[in-house]
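Notes follow once the structure below has been shown.
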Amino acid sequence: MKRITTIGLDADDTLWHNETLFRLTQERFCDLLSDRADPEALMARLAEVEARNLRLYGYGVKGFTLSMIETAMELTHGEAPASVVREILAAGREMLNEPVEPLPGVETALASLSAAYRLVLVTKGDLLHQEQKLAASGLGDLFVAVEIVSEKTASTYSAVFDRHGSGPARSVMCGNSMRSDILPALEAGAYAAHVPYPMTWAHEHADPPVGHPRFAELAAIGELPAWVAGLD
């Protein structure tokens, strides 16, 4: 009997680019408000507003756009020029319309895994936008289920792997975020494979579980099929 039956996969920055778009938009935001503060101060204020708003707006482009507008209003004491607000809204729309292209190795790895295991997409963010990105990626048919959640916790993973698999103990979670994809999955009793992305949102940073028997650090997602096969 196979030890592993189900594999959960993160979406943003695991299957396709995401953080890169946010960084580029943040640079654009800093340019818009360069007369109000230096880039470092602007980024710090935006990060503070984003963290404050997560419980209200959740994750994703729409919440990020609202946080940029709120930051601009705070820095201008409620008098942000209409042109600045228009530019921020335009930047948000462009992010929502950005083409989705799977990262190198993703299609081959998922095709291989889907032949032997149940694949479940487990991601945070705006429901409509994440569904649109999955459809645009061309990867949708490889998944048996899609779970778009407000937060990734041990209880989230336990419920997802119970619902779509044989429980956490016979499941693997793969993603780029140590905080969201790895640590809570391990806490739930699953295996976890970390595939780093060149840049990570500060909110997602966490120390790796060095020495954990169910954890692996992979250089690329192309290594995932062989690692999972080795568990069996």
- Of R170, H212, R3, the residue whose pairing with Y191 passes side-chain hydrogen bond (donor to acceptor under 3.5 Å, both in side chains): R3

- Query: Only one of K133, K124, H17 forms a side-chain hydrogen bond (donor to acceptor under 3.5 Å, both in side chains) with D12, so which one is it?
  - Reply: K133

Are the side chain of [X] and the backbone N or O of [Y] linked by a donor-acceptor pair below 3.5 Å?
X: N53; Y: L56; value: no
X: D181; Y: N176; value: yes
X: S180; Y: S177; value: no
X: S158; Y: S155; value: no
X: E87; Y: S83; value: no
X: R36; Y: T76; value: no

With a 4.5 Å cut-off on side-chain heavy atoms, are [Y] and [X] touching?
X: P102; Y: L15; result: no
X: C174; Y: V195; result: yes
X: L9; Y: I221; result: yes
X: P208; Y: L183; result: no
X: L224; Y: L218; result: yes
X: V172; Y: Y117; result: no
X: S34; Y: D31; result: no

- Query: Would a hydrophobic clustering, with Ile, Leu, Val, Met, Phe, Trp and Tyr connected at side-chain separations under 4.5 Å, put L231 with L119?
  - Reply: yes

- Taking a hydrophobic cluster as the set of Ile, Leu, Val, Met, Phe, Trp and Tyr residues connected by side-chain heavy atoms closer than 4.5 Å, whether directly or through intermediates, do I7 and W227 fall within one such cluster? yes

How long is the span from the [atom1] atom in [X] to the [atom2] atom in [Y], to the nearest 0.5 Å?
X: M43; Y: D38; atom1: CE; atom2: CG; result: 11.5 Å
X: Y57; Y: L66; atom1: OH; atom2: CG; result: 5.0 Å
X: N18; Y: D13; atom1: CG; atom2: CG; result: 5.0 Å
X: D207; Y: R179; atom1: CG; atom2: CZ; result: 13.5 Å
X: I182; Y: R214; atom1: CD1; atom2: CZ; result: 13.5 Å

- Query: Do other residues, nucleotides or ligands put more than 12 heavy atoms under 6.0 Å from the CD atom of E101?
  - Reply: no

- Message: Would you say CG of D141 has more than 12 non-hydrogen atoms from neighbouring residues, nucleotides or ligands within 6.0 angstrom?
- Response: no

- Message: Checking E147 now: which residues fulfil side-chain hydrogen bond (donor to acceptor under 3.5 Å, both in side chains) with it, not counting sequence neighbours?
- Response: R163, H164

- Pairing of R52 and E74 as salt bridge, 4.0 angstrom limit: yes

- Query: Are any of the side-chain nitrogens in R23 or E27 under 4.0 Å away from the carboxylate oxygens of its partner?
  - Reply: no

- Do Y197 and D10 have side-chain atoms, one donor and one acceptor, less than 3.5 Å apart? no

- Would you tell me whether T153 and T156 have side-chain atoms, one donor and one acceptor, within less than 3.5 Å of each other? yes

Non-hydrogen atoms of [X] and [Y] that approach each other most closely:
X: S166; Y: R118; value: OG-NH2, 3.5 Å
X: Y59; Y: E151; value: OH-OE1, 2.8 Å
X: L186; Y: P209; value: CD1-CG, 3.5 Å
X: A91; Y: T25; value: CB-CG2, 3.8 Å
X: L142; Y: A111; value: CD1-N, 4.1 Å
X: E107; Y: L139; value: CG-CD2, 3.7 Å

- Should side-chain heavy atoms under 4.5 Å link Ile, Leu, Val, Met, Phe, Trp and Tyr, which residues sit in the same cluster as L89? L21, F22, F29, L32, L33, L42, L46, V61, F64, M68, I69, M73, L75, V84, V85, I88, M95, L96

- Item | Connected-component partners of Y157 among ILVMFWY, side-chain separation under 4.5 Å | V120, V122, V144, V160, F161, M173

- Intermediate values then yes/no, side chain to side chain contact (heavy atoms under 4.5 Å, CB included), F143 and L110: CA-CA 9 Å; F143 292 91; L110 266 58; 3.7 Å; yes

- Task: Check the pair V106 / T14 against side chain to side chain contact (heavy atoms under 4.5 Å, CB included), numbers first and verdict last.
- Result: CA-CA 8 Å; V106 165; T14 298; over 6 Å; no

- Step by step, work out the side-chain hydrogen bond (donor to acceptor under 3.5 Å, both in side chains) result for E50 and S67. CA-CA 6 Å; E50 279 189 279; S67 289; 5.6 Å; no

